[in-house]
Amino acid sequence: MDFQQTDEQRLLVETALRFVEEELYPHEAEVERAGEISPDLVERIRNKSLEVGLYAAAMPPELGGGGLDQLSMAMLDRALGRASYALHYLVHRPSNVLQACVGEQRERYLLPTIQGDRVDCFAMTEPGAGSDVRGMKTRAERKDGSDGSDWVINGTKHFISHVDLADYIILMAATGGEDGPRGPRKKITTFLVDKDSPGLTVRKGYDNVSMRGYHNFILDFDDCVVPHANVLGEVDKGFDIANEWLGATRLQVAAICLGRCDRALELATDFAAERKQFGQPIGRFQGVGFKLADMQVQLQAAELLTYWASWKYDQGTMPDSDAAIAKLHATETLAMIADEALQIHGGMGLMNELPLEMIWRDARIERIWEGTSEIQRHIISRSMLRPRGS
């Protein structure tokens, strides 16, 4: 394993950092204040991302994407993660599960999404099914109970991100049941659902203390008819797609957290070196200097765990537990660093004039979405106990 940046990776990171400085940072304060991003700004950032080659960077080059491996994507996400999530999301990363598109699906969904003409969103979470995905109640049934060409979907999804920017939804719904080793369990199928489909209603979601400007929505399906041609992958095999999506997404969360850690720690270090109290920089006091040291130690550990898991992902040898370890440690490290950086700044850390209060607020959601810290610990402990028959 060699995590030394190649020339290509170094150029990638430099390009991303320059993009953050020039295209994203200037709009952060306004997005935080208004909680909205204007359509003009959305289009500008998206077009600029396409222009510099950051858009759809993980997609295969033969499909028009950037062809980056997971380790390079982790480095890219780390650089972009320094900025407000609402803004850096616009440097779009289409869901990797779209590579399961076949035939006409490629022309209608996959290729336009890579080209920036369409945007996807992923709908899995429900009011009664968050961590327990198999508890989902949204159900898809063959129309008229036959083996015809259409499916009828009923149910509700919530906490669905950026539906306002999306043209279609990658939807997971229950399509049957089977006996499992621990009792009955649901079969899940993934569908591509256009946002203007009859029977689909999009409602505003909940106001969120984190990620201002990046909105969540509620999706209601009331006899929503979806053609069989819009099944993504195989019927009843939706969990295969979900597991592929979650592994890469958890590594993305970990890498984004590294970027926020970088920014918060830089601000704290600069402040500790410049701010003087009792005749010397506050960084010389152990109460502050030791905080910086602990922050640096945890950040480097999170970096190694994230890059190591990403490298193994590229080799095809990454177990689920490695992505869980990376996400768990990176998200909890961000919580610690954001809090300590704010503490070092004192009262000024809570003021809108600095991005620390934004980083501090946004850090809280990272331990919840894409699998809570408790779920990550469950995955890790399960990987340790199952080989021992427990």
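All values reported here derive from a predicted model rather than from experimental measurement.
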Practice task
May I have the step-by-step check of side-chain hydrogen bond (donor to acceptor under 3.5 Å, both in side chains) for Arg275 and His345, ending in yes or no?
Solution key: CA-CA 9 Å; Arg275 171 70 166 171; His345 279 77; over 6 Å; no
Practice task
Test side-chain hydrogen bond (donor to acceptor under 3.5 Å, both in side chains) on Thr156 and Glu126 and set out the steps.
Solution key: CA-CA 6 Å; Thr156 297; Glu126 298 182 4; over 6 Å; no
Practice task
Mind running side-chain hydrogen bond (donor to acceptor under 3.5 Å, both in side chains) on Asn208 and Asn216 for me, showing each step along the way?
Solution key: CA-CA 8 Å; Asn208 187 359; Asn216 69 87; over 6 Å; no
Exercise for the section: Kindly indicate, with the supporting measurements, whether the criterion side-chain hydrogen bond (donor to acceptor under 3.5 Å, both in side chains) is fulfilled by Gln9 and Ser72. Expected result: CA-CA 6 Å; Gln9 289 170 337; Ser72 298; 3.0 Å; yes
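Remark: side-chain polar atoms of Thr15 are paired, donor with acceptor, to backbone N or O of Leu11 under 3.5 angstrom. Counting only distance, with no hydrogens or angles, the side chain of Gln105 and the backbone of Ala229 share a donor-acceptor pair below 3.5 Å. Ser49 contributes no side-chain N or O that, together with a main-chain N or O of Ile45, makes up a donor-acceptor pair within less than 3.5 Å. Side-chain N or O atoms of Glu28 include one that pairs as donor or acceptor with a backbone N or O of Ser84 at under 3.5 Å. When atom types are taken as modelled, the side chain of Asp223 and the backbone of Ile153 share no donor-acceptor pair closer than 3.5 angstrom. Within the 3.5 Å criterion, the main-chain N or O of Gly176 finds no donor-acceptor partner in the side chain of Lys186. Looking at Asp167, its side chain never comes within 3.5 Å of a backbone N or O of Asp194 through a donor-acceptor pair. Looking at Ser95, its side chain never comes within 3.5 Å of a backbone N or O of Leu98 through a donor-acceptor pair. For the pair Glu22 (side chain) and Phe19 (backbone), a donor-acceptor distance under 3.5 Å is absent. A distance-only check finds no donor-acceptor pair linking the side chain of Arg139 to the backbone of Gly155 [under 3.5 Å].
Counting heavy atoms from C-beta outward, Gln252 and Met73 have side chains that stay 4.5 Å or more apart. In this structure, the side chains of Leu258 and Leu334 stay at 4.5 Å or more apart for every pair of heavy atoms. You'll find the side chain of Asn154 stays beyond 4.5 Å of the side chain of Thr138, heavy atoms only. Side-chain contact check for His215 versus Ser161: every heavy-atom pair is 4.5 Å or farther apart. Between Asp262 and Arg78 there is a side-chain heavy-atom pair separated by less than 4.5 Å. Between Tyr168 and Thr113 the shortest side-chain heavy-atom distance falls below 4.5 Å. Between Ile37 and Leu87, the closest side-chain pair of non-hydrogen atoms falls below 4.5 Å. Looking at heavy atoms from C-beta onward, Ile169 lies out of side-chain contact with Leu192 at the 4.5 angstrom threshold.
Under 4.0 Å is where a charged nitrogen must lie from a carboxylate oxygen, and between Arg82 and Glu21 no such pair does. Using a cutoff of 4.0 Å between basic side-chain nitrogens and carboxylate oxygens, Arg46 and Glu23 are not scored as salt-bridged. Using a 4.0 Å cut-off between charged side-chain N and carboxylate O, Asp7 and Arg10 make a salt bridge. Of the charged side-chain nitrogens involved, none lies within less than 4.0 Å of a carboxylate oxygen, so that Arg364 and Asp339 do not count as a salt-bridged pair. A salt bridge does not link Arg18 to Glu14: none of the charged nitrogens lies less than 4.0 Å from a carboxylate oxygen. Salt bridge status for Lys291 with Glu340: present, with a side-chain N to carboxylate O gap under 4.0 Å. Using a cutoff of 4.0 Å between basic side-chain nitrogens and carboxylate oxygens, Arg93 and Asp77 are scored as salt-bridged. With respect to Glu43 and Lys48, no salt bridge is recorded, no charged nitrogen being found less than 4.0 Å from a carboxylate O.
Ring geometry for Tyr85 against Tyr89 counts as parallel: the plane angle stays under 30°, on a 0 to 90° scale with 60° as the upper cut.
Atom CD in Gln343 sits 13.0 Å away from atom CE in Met336 (nearest 0.5 Å). Interatomic distance, Arg118 CZ to Arg108 CZ, rounded to the nearest 0.5 Å: 6.5 Å. Here Ile337 contributes atom CD1 and Ile359 contributes atom CD1; the two are 10.5 Å apart, rounded to the nearest 0.5 Å. Summarising the geometry, atom CG belonging to Leu232 is positioned 10.5 Å from atom OG1 belonging to Thr189; distances are rounded to the nearest 0.5 Å. The NZ atom of Lys327 sits 15.5 Å away from atom CG of Asp322, with the distance rounded to the nearest 0.5 Å. Considering NZ of Lys187 and CD of Glu234, their distance stands at 11.5 Å, rounded to 0.5 Å.
Residue Ser373 comes nearest to Glu332 through the heavy atom pair OG-OE2, 3.3 Å, listed as atom of the first residue, atom of the second, then distance. In terms of heavy-atom proximity, Lys157 sits nearest to Met124 at NZ-O, 3.0 Å. Here the closest non-hydrogen pair linking Ala254 and Ala326 is CB-O, 3.7 Å. Shortest non-hydrogen contact noted between Val225 and Val152 is CG2-CG2, 4.3 Å. Of all the heavy atoms in Ala56 and Pro94, the pair that sits closest is CA-CD, 3.6 Å. In this structure, Arg212 and Glu32 approach most closely via the heavy-atom pair CD-O, 3.5 Å.
The hydrophobic cluster containing Ile380 also includes Leu305, Ile325, Leu328, Met384, under a criterion of side-chain heavy atoms closer than 4.5 Å among ILVMFWY residues, counted directly or through chains of members. Counting Ile, Leu, Val, Met, Phe, Trp and Tyr side chains that sit under 4.5 Å apart, directly or through other members, Tyr313 shares a hydrophobic cluster with Leu251, Met318.
Counting non-hydrogen atoms of neighbouring residues, nucleotides and ligands closer than 6.0 angstrom, the CG atom of Asp320 reaches no more than 12 such neighbours. In the displayed structure, Asp117 atom CG is contacted under 6.0 Å by more than 12 heavy atoms of other residues, nucleotides or ligands. Atom CH2 of Trp308 is surrounded by 12 or fewer heavy atoms from other residues, nucleotides or ligands within 6.0 Å. In this structure, Glu104 places its CD atom where only 12 or fewer heavy-atom neighbours from other residues, nucleotides or ligands lie under 6.0 Å away. The local environment of CD in Glu266 is crowded, with over 12 non-hydrogen atoms from other residues, nucleotides or ligands closer than 6.0 Å. No more than 12 heavy-atom neighbours from other residues, nucleotides or ligands sit within 6.0 angstrom of CD on Gln286. Environment of NZ in Lys195: crowded, with over 12 heavy atoms of neighbouring residues, nucleotides or ligands closer than 6.0 Å. Within a 6.0 Å sphere centred on CZ of Arg284, other residues, nucleotides and ligands contribute 12 heavy atoms or fewer.
You'll find the ring centres of Phe221 and Trp151 outside the 6.0 Å limit. Not less than 6.0 angstrom separates the ring centroid of His162 from the ring centroid of Phe217.
Considering Arg250, Arg361, Arg260 as possible partners of Glu366, the one that fulfils the salt bridge (Lys or Arg N to Asp or Glu O under 4.0 Å) test is Arg260. Tested against Phe159 for a ring pair (Phe, Tyr, Trp, His ring centres under 6.0 Å), the candidates Tyr206, Trp369, Tyr214, Phe122 yield a single pass: Tyr206.
Between the side chains of His228 and Arg142, at least one donor N or O sits under 3.5 Å from an acceptor N or O.
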